[in-house]
Structure formats: structure tokens, C-alpha cells
Amino acid sequence: RLFNFAVGAVCFTCAMLRHRFGLFKCMNFEAIAMARSLQYLVSFVFVGRWYTATMFGVKPTEVWLEPSEDEEAWSVLLSVLVVVTMCLFIPIRSTILWILPLFASLTHFVPLYVLGSPFPQSGQRLATLMLMVLFFSYRGAQRNEVQIREKWLAKQRVQEQDQEIEERARVTSALSTVAGTLLDFVVMLDSNKRVVKSDARHEAFFGQCMEGLRLSEFLAEADQARFDNIVTQATQEQTLQSMPASFQLDFATLEVQLVVVDTGG
């Protein structure tokens, strides 16, 4: 028991050092945890006083002064405790975790049918309850693994979307800066292609306040459909689009070069 406790303490210390400081990354803690758990399951049964005396063909009452019949229940409880702990709290993949409940069942049923039980009448019921707990523990571990993987995938998708949004924001910001630097003035449109803000330069060019008006209403009829097309294309492809157009104003018809950039607003 002292040896088992010492080995378990060393494994736990190494696991904590890896978790906190990134040490011992070359060690396969999943295999180590499984090996230690299997060792515990064996020791719970074959180190028991009742099973030990029975294996050597001696009556336990002739060897041990204290009653040893209750060790069957203790071995079942300890085996279930190990399996439940490993299934619910230790991150082990279900593709190899199934070995643990299967091994726990074998370490109980093999001695039960080979050596017998100190309480034959209740031994079958105890074994049935043990199987049920082992099964539900493993199923719970599978469900937890599915949920953890789904959360991880969802987190990855969110991070990828955030990166994509940031990249698009940088591109649109750069395009907006270029457009604001090279063009005479910039007109901001909403999703309905209406002017959002109107300043003095807009009023000087169009001869009126443009806020809330559709910019395409001032274009020549032949240019209106083309303007709608390049706005849609700029939005979908996140690229800069350009076209020559004619503004038909009250005082004149002006030939201009339109540049369309989707800023994501």
C-alpha cells in the first residue's frame, strides 16, 4: 500500500508540473494513468484477505482473526470509485477508456466464479449493480468527450471568424483610406444605398443636402443599373470597384469616376 501511494504521489506531482509549467511533455500521462488504474483494480481483489486465503485453499476464518467477508463489497466499491474517477475527472479518450470498466468487470467476475463469494446470495446482485455503475460511468465519459470536442470546435470556428473579420476590417480600412486620399470627396451610403451624412462639399457639388436621398437617383438612367451592380459586387467580393458615370443635376450634367468600397458599416 505504501508503494502504491508513493507511485501515485509521484505520478500526480508530474502531472501537476506538466499542467502548470509544461514539463514532462514527452511522457504519455494517458497511458500512465490507465496502467496505474489497472494495477489498483488488480490489487483491490487479489490483495484482499478473503480472496488470498481462498486462493491458497485455506478458510479465511482459520487465517485471519478479524472477519474478512466484507472485503468483497469493499473491493467492488473501490473498483467503482477508480472507474468513476477516471471516467469523469481524468481526460482520457473513450477509444481506450473502455478498457478500464471491462478490466474492472473481469477482476470481479473471474474471482467470483473461480473462488466463489463470501455471500453467494448477495454476490450476484452486487455484481449486477457494479456492471450498471460501470456502464453509466463510461457512457457519461463518452458524452463529456463529445461536449468537450464540440466546444473546442465551436471555439476554433469563432476564432477563425474573428480573424476573418479582422482581416476584412483591415482591408476595408485600407481601401477607405486610399479612396479618401485620392478622390475629391467621399459619400457614405447605408444598406439601402441612401446617403448617411451630408457635408458642405456634398451640398456644393449636388446643390442640396443629400442626407437620406438615394445616390442613384442623381445618376443617368443608363448608369443606375450599373451602379447597383458594382455596389453589390463590392459588398460580396470585398474589393474596390470603379465605373464612369454621369450625374444629371439641375444645373448641369457632370461626368465623374465613381469608386465603390464596402467598409462593412
Side-chain angles (χ1 to χ4, degrees), residues 1 4-47 72-112 122-172 236 238 264:
R1 293 181 179 179
N4 288 334
F5 177 79
V7 174
V10 171
C11 293
F12 177 78
T13 303
C14 293
M16 292 301 298
L17 291 175
R18 176 177 180 176
H19 177 70
R20 295 296 299 272
F21 304 105
L23 303 177
F24 307 110
K25 290 185 177 181
C26 60
M27 299 179 64
N28 188 348
F29 280 93
E30 191 176 50
I32 295 174
M34 287 291 295
R36 290 295 300 162
S37 300
L38 297 178
Q39 179 186 354
Y40 282 131
L41 293 175
V42 173
S43 64
F44 291 153
V45 176
F46 295 101
V47 180
E72 180 186 29
W74 274 108
S75 66
V76 170
L77 291 175
L78 292 174
S79 298
V80 168
L81 177 62
V82 170
V83 174
V84 171
T85 302
M86 295 292 291
C87 288
L88 300 184
F89 300 104
I90 306 301
I92 297 179
R93 293 168 295 170
S94 59
T95 53
I96 64 173
L97 185 62
W98 62 270
I99 300 175
L100 197 60
L102 176 63
F103 195 80
S105 303
L106 293 176
T107 55
H108 178 72
F109 281 96
V110 171
L112 178 64
S122 61
Q124 298 292 336
R125 293 194 297 269
L126 186 63
T128 302
L129 293 175
M130 179 183 181
L131 286 178
M132 294 176 62
V133 174
L134 295 178
F135 173 76
F136 289 124
S137 299
Y138 178 69
R139 289 295 299 168
Q142 284 184 316
R143 185 177 65 176
N144 290 341
E145 182 178 355
V146 170
Q147 292 177 351
I148 291 174
R149 290 182 182 275
E150 289 178 349
K151 290 180 180 179
W152 183 84
L153 291 175
K155 184 177 180 181
Q156 291 294 114
R157 287 194 292 266
V158 171
Q159 292 178 351
E160 292 175 358
Q161 291 175 355
D162 290 341
Q163 294 176 355
E164 182 179 353
I165 291 174
E166 291 177 0
E167 182 65 24
R168 293 176 60 183
R170 287 194 294 267
V171 173
T172 55
Q236 294 177 348
Q238 294 295 308

Problem - Shortest non-hydrogen contact between S137 and L88, atoms and distance - result: O-CD2, 4.5 Å
Problem - Y138 side chain vs L100 backbone, donor-acceptor pair below 3.5 Å - result: no
Practice task
For residues A141 and C87, report the shortest heavy-atom separation together with the two atoms involved.
Solution key: CB-O, 3.2 Å
Handout entry: Option passing side-chain contact (heavy atoms from CB on, under 4.5 Å) with L97 (candidates I92, I90, V83)
Key = I92
Completion exercise
Exactly one of T128, V84, L77 clears side-chain contact (heavy atoms from CB on, under 4.5 Å) with V133, and that residue is V84
Problem - Side chain to side chain, S79 and H108, heavy atoms closer than 4.5 Å - result: no
Problem - Residue pair L129 / V80, side-chain heavy-atom distance below 4.5 Å - result: no
Exercise for the section: Flag the pair L38 / V42 as yes when at least one side-chain heavy-atom distance between them is below 4.5 Å, and no otherwise. Expected result: no
Completion exercise
Only residue of K151, R157, K155 satisfying side-chain contact (heavy atoms from CB on, under 4.5 Å) with L153 is R157
Practice task
Please name the pair of heavy atoms, one in A33 and one in S37, separated by the smallest distance, quoted to 0.1 Å.
Solution key: O-OG, 2.8 Å
Completion exercise
d(L126 CG, M130 CE) to nearest 0.5 Å is 8.0 Å
Fill in the blank from the handout: To the nearest 0.5 Å, atom CG of L81 lies from atom CE of M86 at 11.5 Å
Practice task
Test E160 against E164 for side chain to side chain contact (heavy atoms under 4.5 Å, CB included), laying out the working first.
Solution key: CA-CA 6 Å; E160 292 175 358; E164 182 179 353; over 6 Å; no
Exercise for the section: Supply the atom-to-atom distance F103 CZ to L134 CG, rounded to the nearest 0.5 angstrom. Expected result: 13.0 Å
Handout entry: Nearest-0.5 Å distance that lies between atom CD in Q156 and atom CD in Q159
Key = 5.0 Å
Practice task
Compare all side-chain heavy atoms of L78 with those of Y40 and state whether any distance is below 4.5 angstrom.
Solution key: no
Completion exercise
Rounded to the nearest 0.5 Å, the CE atom of M34 sits from the CD1 atom of I99 at a distance of 5.0 Å
Problem - For R93 against R149, the heavy-atom pair lying closest together - result: CG-NH2, 4.1 Å
